[in-house]
Amino acid sequence: MSSPAAPWSQVFQATDSVTGCSFPAPSDLPLLVAAEHAGLRPVSSCRNGTCRSCISHLTRGEVYYSVAWPGLSPDEKAAGFILPCVACAASDVTLRFGAWDAFD
Ligand code: FES
């Protein structure tokens with residue numbers, strides 16, 4: 001997978017809120033790939049922001065998207081849901097991978 005064009009290059013820290021595992025999150029690398037580089041294995045499928053299998057919940061920080069229309073509604077974005085296969089860190093972040101249970 002090629003990396004999206006980042007508006008800047010910086011390495012932030014990402015933390016998985018379930019395991020407490022922290023890993024480097026370069027601004028030019030999707031959070032999903034950064035997590036995989038750290039040995040985590042979040043659920044994913046399409047890796048292009050359409051299938052939603054990687055949906056996660058951002059509880060701290062900011063992300064930006066490498067695609068214009070990631071498969072999230074405005075309400076889902078406002079509630080903190082992200083698609084880490086196409087979301088890159090724009091600050092230090094804390095997230096919970098695999099947040100499907102949040103829709104129950
Ligand atoms: S893996 Fe399909 S939307 Fe992220």
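Every heavy atom of this structure was used, including side-chain atoms; hydrogens, water molecules and symmetry mates were not. Read the numbers this way: they start at 1 and go in the same order the structure lists the ligands and their atoms.
Counting only N and O atoms by type, the side chains of T15 and S22 include a donor and acceptor under 3.5 Å apart.
Side-chain N or O atoms of S27 include one that pairs as donor or acceptor with a backbone N or O of Q10 at under 3.5 Å. Judged purely by atom type and a 3.5 angstrom limit, H37 has no side-chain atom pairing as donor or acceptor with the backbone of P24.
Each protein N/O/S atom under 2.8 Å from atom 4 (Fe) of ligand 1 was counted, for a total of 2.
The cluster map of Ile, Leu, Val, Met, Phe, Trp and Tyr, joined by side-chain heavy atoms under 4.5 Å apart, puts I82 and V93 in the same cluster.
In this structure, the side-chain hydrogen bond (donor to acceptor under 3.5 Å, both in side chains) partners of T50, at least two apart in sequence or on a different chain, are N48.
The pair E62-K77 does not count as a salt bridge, with every side-chain nitrogen at least 4.0 angstrom from each carboxylate oxygen.
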